[in-house]
J.: 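One structure is given below, represented as structure tokens, and several questions about it will come after.
Because only heavy atoms are used, hydrogens play no part in the values below, and waters and symmetry mates are left out as well, while side chains stay in. For clarity, every value in this text was computed on a predicted model and none was experimentally measured.
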Amino acid sequence: MAVVDNKEIHGYLRDDLRPSLRNVLNTVSEKCTECELCQKECEFLRRYGIPKHIADSYDPSNKKFQALPFECSLCYLCAAVCPVNISPADMILEMRRETIDQGYGIYPEHSVVEEYEKRGTSKRYTYYAFPDGCGTVLFPGCALSGTRPDKVIKLFEYLKEYIPSLGIVLDCCLKPSHDLGREVYFHAMFDEMRDFLVKHGIQTVLVACPNCFKVFKNYGKGLTVKTVYEILADNGLPETGQVSETVSIHDPCVARFEEKTFSAIRDIAIRKGLSILEMPHHKERALCCGEGGAVGCISEELPKKWSGLRKEEARGRKILTYCAGCANALGSVVPTSHILDLIFEPEAALTGKVKVSRTPFTYLNRLKLKKRFRQTVDAKMMRERTFTAGESKKGMAMRPFLFLFFIGFALMIVRITGATNYLEQENLRNLIHGYGPLAPIIYMLIYAIAPAFFLPGLPITIVGGILFGPFWGVVYTITSSTIGASAAFLISRYLARDWVESKLRSPRWQSLDEGVKRHGWKVVAFTRLIPLFPFNLLNYAFGLTKIKFLHYVLATFVCMLPACIAFIVFSSSLLDLLKGRISPTFLAGIFLIGIISIIPISYRRYRARGSGENIL
């Protein structure tokens, strides 16, 4: 049955929805034949149902539908296989935008992606340089500039042979905000960049990243966008040698339907001497590498399924791709090279010897790249981007100065008061003993209230080890940390349930609730031993589940104890280390911390092999 605009769903009128979402919901509901072809290809749709069912049951006030769209990778494989030419991914993107508009889509897990993008558009990292007569610029994007700055330099210099007035733009295309549904912010930032380029006579943008290509193609009104691979395929490749091997090409899902790009990449690979054996999913039916739509921030399971399937389809062959993000994601499961690695270092690319930087060195590389272009490009016009879509950064800019002021002030007080005498460990402990039972009570009280106020526990733990030693430090710390975790649990369950629920909306927290229903106290034990969730939020999150309070307390106490012992033993010998003495206690602490650190790594490898049951 077709969905009409005024249809009421769970007390919610479709007329209340943004028009673009309402239209696509109606289109999917009316045209979807329920053939299940897209569902057979997509783990997300197998989990949540065929597109018509999602469209018909959509309710933005329902927590399920607030979280659901952020588990889709927006890879558009559903659109590629649909026999009636509908695009469920467009529906999902509009759901993301609706969720953001209603204030339900701001997840802490996305902060890493958002901060990455903010750096990319900041004054520190951006640089525009237009030589005299410049009408074409190279836009290398964020990931390529960070991981392979040398390739960006070589690419720019080679392209200048054909385009002498070529300019450079180091900036971010805002694809993360676009995919997260932050439509207003995306348009404010991207449109400012686009308008600046057009105003200064730029007609063509050459991109090396398929994400940048899609954004400029869809929103770069007044600009022509081409991939550098088309230019290289048409004009010739640098003389860097030939190689001989059979590879498979991973077409990034964001490049789906771009036949010119597909042809250029394969032409380049063949010219360098490679033979290509296509994987079952390629070109317009390519699979997502797992990075799409920032799904990895919300779910670990779905990205692993995509990358695992890619590994299976490669059948031991090396993979060649033309997206730095895909190269990074797939490189952890199968040998993967970027096409620019092949062009400029063919032998190293196929032997896995290409230098590829990782975070945090990627940020340093981008700064070095900016410095290089500032020195080498003879620019008639240049700029660093300062536009921030109305967001003030004055407070952020002052933080380093406030921190330095605080440190300097603290050092001055220490010296004036003669407190340096107390940095002797025995003196410190004698001072503490002088307060009698009041000292541990104060320490335990501070530690007990820390989780409720989201204060970090590790610094307090270290202080406990220094002040009270390895035995009493453990006793006081594990007792107070358990009390603090229990207090947060009770606050969440009985006093501030609505507030806590408003903060924990993402699918990861929902999976926690489902895990507790299935496994009870084992989930508490698991999350204490394997830190998959922020500790302080976790205490509140368990208060929303149906786990028994006693089970929660006991599992928390027992499973936090190993880490507590390790850090207390380690910190109890820190003052000796500062004086150049390495004690047996310090070595024992290092060993215990090593053991604790291995647990999450071992678990991830265990899960990667597909062994055992996944508790979360």
J.: Look up atom CG in Leu180 and atom OG1 in Thr99, then write down how far apart they are to the nearest 0.5 Å.
T.: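 So the gap between those two atoms works out to 11.5 Å.
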J.: Taking the six-membered ring of Tyr125 as reference, does the cationic atom of Arg366 (NZ for Lys, CZ for Arg) lie under 6.0 Å from its centre and within 45° of its axis?
T.: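 Yes, Arg366 sits over the ring of Tyr125.
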J.: Check Phe570 against Ile590 and note the closest heavy-atom contact, atom names and distance.
T.: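 Taking Phe570 first and Ile590 second, the nearest heavy atoms are CE1-CD1, 3.6 Å.
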J.: Going by side-chain hydrogen bond (donor to acceptor under 3.5 Å, both in side chains), Tyr48 matches just one of Gln39, His53, Glu71. Which one?
T.: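 Considering Gln39, His53, Glu71, a side-chain hydrogen bond (donor to acceptor under 3.5 Å, both in side chains) with Tyr48 is found only for Glu71.
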J.: Check the pair Leu467 / Trp472 against side-chain contact (heavy atoms from CB on, under 4.5 Å), numbers first and verdict last.
T.: CA-CA 9 Å; Leu467 296 181; Trp472 288 110; over 6 Å; no
J.: How long is the span from the CG atom in Leu529 to the CG atom in Leu561, to the nearest 0.5 Å?
T.: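 Leu529 atom CG to Leu561 atom CG measures 10.5 Å (nearest 0.5 Å).
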J.: For this output row, return yes or no: ring centroids of Tyr476 and Tyr443 closer than 6.0 angstrom.
T.: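 Between Tyr476 and Tyr443, the centre distance exceeds or equals 6.0 Å.
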J.: Identify which one of Ile483, Thr477, Thr482 satisfies the side chain to side chain contact (heavy atoms under 4.5 Å, CB included) criterion when paired with Thr479.
T.: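 That would be Ile483; it is the only one of Ile483, Thr477, Thr482 passing the side chain to side chain contact (heavy atoms under 4.5 Å, CB included) with Thr479.
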J.: Does Phe190 have its ring centroid less than 6.0 Å away from the ring centroid of His178?
T.: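 Ring-ring flag for Phe190/His178: false, centres at least 6.0 Å apart.
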J.: A cation-pi test, strictly: NZ or CZ of Arg119 under 6.0 Å from the centre of the six-membered ring of Tyr363 and no more than 45 degrees from its axis. Yes or no?
T.: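 Yes, Arg119 and Tyr363 form such a contact.
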J.: Counting neighbours of CZ on Arg46 that are heavy atoms of other residues, nucleotides or ligands and sit closer than 6.0 Å, is the number greater than 12?
T.: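 Counting other residues, nucleotides and ligands, CZ of Arg46 exceeds 12 neighbours.
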J.: Between Leu21 and Glu98, which heavy-atom pair has the shortest distance, and what is it?
T.: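 In terms of heavy atoms, the two residues are closest at CD2-CB, 3.6 Å.
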J.: Do the side chains of Cys297 and Tyr107 get nearer than 4.5 Å, heavy atoms only?
T.: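 Tyr107 vs Cys297: side chains apart.
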J.: Just verifying a value: how many Å separate Leu17 CG and Gln102 CD, rounded to the nearest 0.5 Å?
T.: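 Taking CG in Leu17 and CD in Gln102, the distance rounds to 7.5 Å.
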J.: Once you round to the nearest 0.5 Å, how far does CG of Asp179 lie from CD1 of Ile92?
T.: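 If we round to the nearest 0.5 Å, Asp179:CG and Ile92:CD1 are 12.5 Å apart.
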J.: Does CZ belonging to Phe591 count more than 12 external heavy atoms closer than 6.0 Å?
T.: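 Open.
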J.: How far apart are the closest heavy atoms of Leu45 and Cys78, and which atoms are they?
T.: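 Of all heavy-atom pairs spanning Leu45 and Cys78, the closest is CD1-CB, 4.4 Å.
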J.: Hey, does the side chain of Glu117 reach the backbone of Ser177 with a donor-acceptor pair shorter than 3.5 angstrom?
T.: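 It does hold such a pair.
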J.: So how far is it from Phe44 CZ to Leu77 CG, rounded to the nearest 0.5 Å?
T.: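 So the gap between those two atoms works out to 13.5 Å.
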J.: Of all heavy-atom pairs between Ile54 and Met95, which one has the smallest distance, and what is that distance?
T.: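 Taking every non-hydrogen atom into account, CG2-CE, 3.6 Å.
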J.: Does Ile298 reach the side chain of His110, with side-chain heavy atoms less than 4.5 Å apart?
T.: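 With C-beta onward as the side chain, the pair touches.
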J.: State, with a plain yes or no, whether a side-chain heavy atom of Asn328 is found less than 4.5 Å away from one of Thr147.
T.: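 The answer is no; the side chains never approach within 4.5 Å.
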J.: Can you name the nearest heavy-atom pair linking Arg493 to Gly543, along with the distance?
T.: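 Result for this residue pair: NE-O, 3.3 Å.
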J.: Could you check Tyr540, Phe549, Tyr494, Phe542 and say which one makes a ring-ring contact (aromatic ring centres under 6.0 Å, His included) with Phe489?
T.: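 Testing each of Tyr540, Phe549, Tyr494, Phe542 against Phe489, the sole residue satisfying ring-ring contact (aromatic ring centres under 6.0 Å, His included) is Phe549.
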J.: Within the 4.5 Å heavy-atom criterion, are Glu43 and Leu309 side-chain neighbours or not?
T.: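 No. Closest side-chain heavy atoms not under 4.5 Å.
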J.: Please answer whether the main-chain N or O of Gly296 pairs with a side-chain N or O of Glu291 as donor and acceptor at a distance below 3.5 Å.
T.: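 No: the side chain of Glu291 does not pair with the backbone of Gly296.
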J.: Taking Gly293's backbone N and O only, do any of them form a donor-acceptor pair with Arg96's side chain (distance below 3.5 Å, no angle check)?
T.: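 Answer holds: yes.
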J.: Output, in order, the C-alpha distance, side-chain angles, deciding distance and verdict of side-chain contact (heavy atoms from CB on, under 4.5 Å) for Leu538 and Arg528.
T.: CA-CA 9 Å; Leu538 189 64; Arg528 298 307 186 190; 3.7 Å; yes
J.: Stepwise, does the side-chain contact (heavy atoms from CB on, under 4.5 Å) test hold for Arg182 with Met189?
T.: CA-CA 11 Å; Arg182 302 170 67 206; Met189 294 296 291; over 6 Å; no
J.: Does any part of the side chain of Asp90, heavy atoms only, come nearer than 4.5 Å to the side chain of Tyr76, both counted from C-beta?
T.: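 A side-chain contact exists here, since the closest heavy-atom pair is under 4.5 Å.
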J.: Determine whether Leu587 and Pro584 make a side-chain contact, defined as any pair of heavy atoms from C-beta on separated by less than 4.5 Å.
T.: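 Leu587 vs Pro584: side chains apart.
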J.: Taking side chain as C-beta onward, heavy atoms only, is Leu330 less than 4.5 Å from Trp306?
T.: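 No. Closest side-chain heavy atoms not under 4.5 Å.
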J.: For the residue pair Cys288 and Gly292, what are the closest heavy atoms and their distance?
T.: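 So the two residues come closest at SG-N, 3.4 Å.
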J.: Using the ring of each side chain (for Trp, its six-membered ring), is Phe65 parallel, tilted or perpendicular to Tyr58, with breaks at 30° and 60°?
T.: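 Ring orientation, 0 to 90° scale: perpendicular.
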J.: Determine, for Arg97 against Glu94, whether the closest basic-nitrogen to carboxylate-oxygen distance falls under 4.0 angstrom.
T.: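 So Arg97 pairs with Glu94 through a salt bridge.
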J.: Looking at Ser307 and Pro303, would you say the former's side chain and the latter's main chain have a donor-acceptor pair under 3.5 Å?
T.: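 It does hold such a pair.
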J.: Any heavy-atom pair between the side chains of Cys38 and Pro51 that's under 4.5 Å?
T.: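 In contact.
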J.: So Asp513 and Leu544, side-chain contact (heavy atoms from CB on, under 4.5 Å) or not? Walk me through it.
T.: CA-CA 8 Å; Asp513 187 37; Leu544 302 179; over 6 Å; no
J.: To the closest 0.5 Å, what do you measure between CG (Leu512) and NZ (Lys517)?
T.: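 Atom-to-atom, Leu512:CG and Lys517:NZ are 11.0 Å apart.
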J.: Looking only at side chains, do Thr461 and Tyr447 share a donor and an acceptor under 3.5 Å apart?
T.: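 On atom types as modelled, these side chains qualify, holding a pair under 3.5 Å.
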